[in-house]
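Written below as structure tokens is the structure these notes are about.
No experiment lies behind these values; they were computed from the predicted model shown.
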Amino acid sequence: MSKKENDKFIITVKSNTKDLFAFTKLIPNRKKRFQKASSEPITSDPMNELARKLHPRRQYLIVSEIKDETKTTKTIKLIPDPDSNTKELAYFRAGQYLSLKVKVNGISITRPYSVSSSPSEALNGFYEITIKKVEDGYLTKYIWDNWKINQKIISSEPNGFFYYESLRDKKEIVAIGGGSGITPFRSMAKEIAEGKLDIKKMTIIYGSSEEDDIIFYDELKELESKNPEKIKVVHVLSCEEVSLEGCEKGFINADIIKKYTDVNNSTFFICGPQIMYEFLDKEIEKLNLPLKRVRKEILGQIKDIVNYPGFPQDFAGKTFNIKVHVGNAIKEIPALATEPVLVAMERAGLTPPSKCRSGECGFCRSRLISGEIYIIPESDKRRAADKRFNFFHPCSSYPLSNLEIKVPRDA
Amino acid sequence: MNETSNIQKINDSYDAIVIGAGNGGLVAAAQLAMNGVKVLLLEQHNLPGGFATSFVRGRFEFEASLHELCDYGSTTDKGGIKSLFDDKFNLDAEFIEIPEAYRLILTDPGEDIDVTMPFGIENFLDAIEKEVPGSRNSVKNFFDLGKDILHATAYIGKSRGNPDQKVLMQEHSNFLKTTAYTVKEVQDALNMPEKARKILNAYWVYLGVPTNRVNFTIFATMVYLYVRRKAYVPKNRSHEYTTALDAKIREFGGDIEYNTKVEKILVENGKIIGVETVNGDKIKTNHVISNASPTLVYNKLISPKSEVPEIALKEINARTHGVATFVVYLGLNKTAEELGIKEYSYFIYNKGNTEELYYSLGKLETPNVQATICLNAAIPDCSPPGTCIISITSAFLHGVWDDVKSEDYFELKNKIAEELIDNFEKAIGASIKEHVEEIEIATPQTFARYTGTYNGIIYGYEPEPWDSFIPRLSCMKDEKHIEGLELCGGFGMRCHGYSSSMKDGETAGLLTLQDMIQKGEIKK
């Protein structure tokens, strides 16, 4: 059907006349199709609807119950605020956190809290978070003094990557928790008990400093006794006097882990305070685990940054000036070298976006116009191009000079 | 409104506003800013790029959606995108050549194709002749047609859309005579052997329409450009060039606001008068370029509704929305070499019949279609030593995911991801599952979440012959319904794909500029 002319290939698809006719009819036919089509507007968009359900930018909640777990710990039950547009709670994966936006003494801050209730409970209309009162804690003191039933709270969607992933993790998991780091594991254990998390066994190794600091003691015991095949709880107590039976003494270490778990056949989930990570990192190293089998929950803001290995200690005590561009506004604010840029902004009454406060989620991504910053190498989860083009995450960056930065408006 | 909004104000008037910092919007904004237009680019997410982005999990940075950039080319055979980046914008971004065109594996018994095709027209012809003796001539003719079409479109472009009919008839008859046809119709006329078609048409999935319906013109030029100019990927993922474009827009004097979703495009008496954002901004402008699709613009954004022309809705309803994709991103703790993964780009289908493949995307189960890439095959150090990055992409027809409930969502996506991994392992005989260190799974919901694209669609309207880029470009003036409004991107005039979207953004920028000059709003 094709021929060569002057060495140039000339196509004939149907026939010369038909091909050219088809070309000339192309636009008229197009217009006809349009004329014939419906003029009904499209009103549904199921994928954006599902995105809003799974990942609402904000969830408007109220406190419906406050329960004392220990002398320093409360579980706070959150339900949709009936006066808001939040009618249902976003589903999540056990282990994820909510970033709460809280106004403390007139200043807006965010804090990530693991959800301690199970995902199916979110479908039933509530989340629980379990908060430990921190000594000299800015936020927790405020919560203890002020939060009552019906307190309104703004939350993010569920966030984070600290969850069991069947395509990556072993069927046996070891959950190492310290203090309030038990919260995501309560969520996971509840989901296992509900038969909804498909794993063979979860061994919880839970470190507490005193017996009466153990959070969810009775509840964990019940989960264990009702699911003896699947859930095992080992308490590790660091206090001198221990009356609990069957617990380990001291800190969670490699020997304790080996005693209770099949090390080479398990994925390890670790969640606890910074001080536990510092100790545990060395113990985990002894187990020679590939990175894929050690999942660590993010820490939040690093405490005592001055003594953090690698932090330029001679900057301790120094104060700098940050020129912040937000929208059209320019605000000059003071900032301590030992405080993340995000905290300086919040203190100054700005409301920059933030969620994880650990460098991981990138929600606070901002542009460094000029100046020097220190970024904790372990928390530097920036994209390669962001490093090249001077974007940074204020939640995990510390000023080492006066800075000029452009921060996105709050979403 | 939050209480600090008083310090979060932005300017209340711009010469032009670009909605969406995807491929089209970024280039449109850069084009306008370069010409001194006071332009504001608004993006709902906190990053530039739209689909052209990346994300970090653990020690891996994953490319979100790009497989390979078409029409980039080398310094000696520069493509449209390289010209745009290097010559027009002097963009600070590095691109790496991909080693081979693709490896095609058809897995059903009896299909019997496992072939790796090289770049370069002559190399490709040699390889296909070896696989399918006697096919060389028909495939060569296919490429020649691709080349002729490019000449013809270059001529039409130069004529500013008013080509001399005589010149078209005499010099570009190959273009005229194929424009109204599908790939199948032309390949039938070329007497191309069935097996050669299966090999050559492996690229069908990049347009997402089977060969009996996809327009020949767009398919032939795409395949020709890939094979002739090779394909490229950004060295530091797409986030690098999109961030470079962000920097360029600001350098040219343009403004960008992230976290700022446009809620309304304000129209009065058929003319653009401004936009409103969810942040409460009301910004005056006479010119809007929307990277958001016509589907969103006419069904959702234009306000008041009485300003939506009926014909605009008819145009959308007459078209077929393209596919949404499903991607499994894997960070593996073994090297590609250790895993036996040699190629960059794998097309793995159960059959060679694209019509059947297309219909397999219409069910809520694992499709028999995957386009898988191993980034390390092009960029060995894209992940830490001892590791590699693989991403498996499949697709679903518009609407397939519509009834998925949030409580079933995670289980469903994991099931499909697992089967896609199984299919990849079986097809190439590698074992990767036990080496998964990081995994992320993106579904149509995910793409909707991060970009707001209508129903999670990543490809634009299906380019059948009547709605491929030639008819769309030809009808540009007739199908412009609101004064001061241009559209660009994957649902735009050049149909979908990274290169098309960027070129479309450039066109939208130039059209807006022309309009402003004509109206005396800016000097030439």
Side-chain angles (χ1 to χ4, degrees), chain A residues 1-2 9-13 19-20 22-23 25-27 29-30 33-43 45-48 50-51 53-55 91 93 123 161 165-168 290-292 326-329 331 349-351 353 363 365 381 383-386 388-389 391 408-411, chain B residues 2 4 7-11 46 54 56-57 61 141 144-145 173-174 176-181 185-186 189 236 239-240 243 247 258-260 279 295 299 310-311 313-315 317-318 333 401-402 404 406-407 409-410 414 417-418 436-437 439 444-445 448-449 452 454-456 466 471 474-475:
Chain A
M1 293 287 285
S2 52
F9 164 73
I10 300 292
I11 182 85
T12 301
V13 181
D19 295 353
L20 289 173
F23 178 77
K25 292 302 280 179
L26 197 54
I27 305 299
N29 284 342
R30 173 181 176 85
R33 276 179 186 258
F34 287 158
Q35 284 307 332
K36 274 197 305 198
S38 147
S39 58
E40 274 300 299
I42 297 171
T43 50
D45 188 339
M47 284 305 99
N48 275 292
L50 183 60
K53 280 187 179 177
L54 284 166
H55 311 285
Y91 194 55
R93 298 176 88 153
L123 297 176
F161 313 115
E165 170 52 71
S166 61
L167 298 177
R168 176 195 63 205
L291 273 175
K292 72 166 269 175
V326 188
N328 268 2
K331 195 162 178 180
L350 299 171
T351 54
F363 197 59
R365 177 184 181 266
K381 298 290 184 192
R383 296 163 176 85
D386 277 347
R388 271 195 59 206
F389 286 92
F391 286 87
R409 300 188 293 172
D410 196 9
Chain B
N2 71 49
T4 49
I7 66 144
Q8 300 219 340
K9 285 234 168 73
I10 54 176
N11 289 350
N46 73 338
S54 70
V56 173
R57 292 289 181 273
E61 182 176 347
N141 288 342
D144 283 347
L145 289 173
S173 68
N174 276 348
L176 290 184
K177 288 159 71 182
T178 52
T179 304
Y181 291 122
E185 285 166 320
V186 178
N236 289 305
H239 185 60
E240 181 173 42
T243 305
Y258 292 106
N259 285 350
T260 305
N279 311 49
T295 304
N299 286 291
E310 196 183 33
I311 185 67
L313 297 175
K314 283 171 168 270
E315 283 169 14
N317 291 332
N333 66 5
W401 278 65
D402 282 5
V404 173
S406 40
E407 57 268 37
Y409 174 78
F410 301 119
N414 273 43
E418 181 164 18
V436 176
E437 179 175 313
I439 176 168
Q445 181 277 132
R449 173 190 181 189
Y454 170 64
N455 220 14
W466 70 276
S474 312
C475 297

Under 30°, 30 to 60°, or over 60°: which ring-plane class applies to A:F34 and B:W466, parallel, tilted or perpendicular?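 Answer is perpendicular, since the angle exceeds 60°.
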Less than 4.5 Å to any heavy atom of chain B: does that hold for the side chain of [X], its backbone, both, or neither?
| X | value |
| --- | --- |
| A:P290 | side chain |
| A:L123 | side chain |
| A:R388 | side chain |
| A:N48 | both |

Only pairs of heavy atoms separated by less than 4.5 Å count here; which of [options] has the most with chain A?
| options | value |
| --- | --- |
| B:V186, B:L313, B:N11, B:N299 | B:N299 |
| B:S406, B:G456, B:A247, B:A417 | B:S406 |
| B:E310, B:E185, B:E315, B:E418 | B:E315 |
| B:W401, B:Y409, B:Y454, B:Y258 | B:Y454 |
| B:D144, B:L145, B:I311, B:T295 | B:L145 |

Side chain / backbone / both / neither for [X] at chain A, heavy atoms under 4.5 Å:
| X | value |
| --- | --- |
| B:E61 | side chain |
| B:Y181 | side chain |
| B:L176 | both |
| B:N174 | both |
| B:S474 | side chain |

Working to the nearest 0.5 angstrom, can you tell me the gap between [X] [atom1] and [Y] [atom2]?
| X | Y | atom1 | atom2 | result |
| --- | --- | --- | --- | --- |
| B:K9 | A:N328 | NZ | CG | 10.0 Å |
| A:D410 | B:N46 | CG | CG | 11.0 Å |
| B:R57 | A:K381 | CZ | NZ | 11.0 Å |
| B:K177 | A:I11 | NZ | CD1 | 7.5 Å |
| A:F9 | B:N141 | CZ | CG | 4.0 Å |
| B:N333 | A:R168 | CG | CZ | 12.0 Å |

Tell me if a side-chain donor or acceptor on B:N317 pairs with a main-chain N or O of A:S38 at a distance below 3.5 Å. yes
Between A:P353 and B:N259, what is the shortest heavy-atom contact and its length? CG-ND2, 3.8 Å
Count the heavy-atom pairs under 4.5 Å between each of [options] and chain B, then report the option with the highest count.
| options | result |
| --- | --- |
| A:K36, A:E165, A:E40 | A:E165 |
| A:M47, A:K25, A:K53 | A:M47 |
| A:L26, A:I42, A:D386, A:I27 | A:I42 |

List the steps, then state whether side-chain contact (heavy atoms from CB on, under 4.5 Å) holds for B:R449 with A:L54. CA-CA 9 Å; B:R449 173 190 181 189; A:L54 284 166; over 6 Å; no
Could you go through the side-chain contact (heavy atoms from CB on, under 4.5 Å) check for B:N236 and A:R383 one step at a time? CA-CA 8 Å; B:N236 289 305; A:R383 296 163 176 85; over 6 Å; no
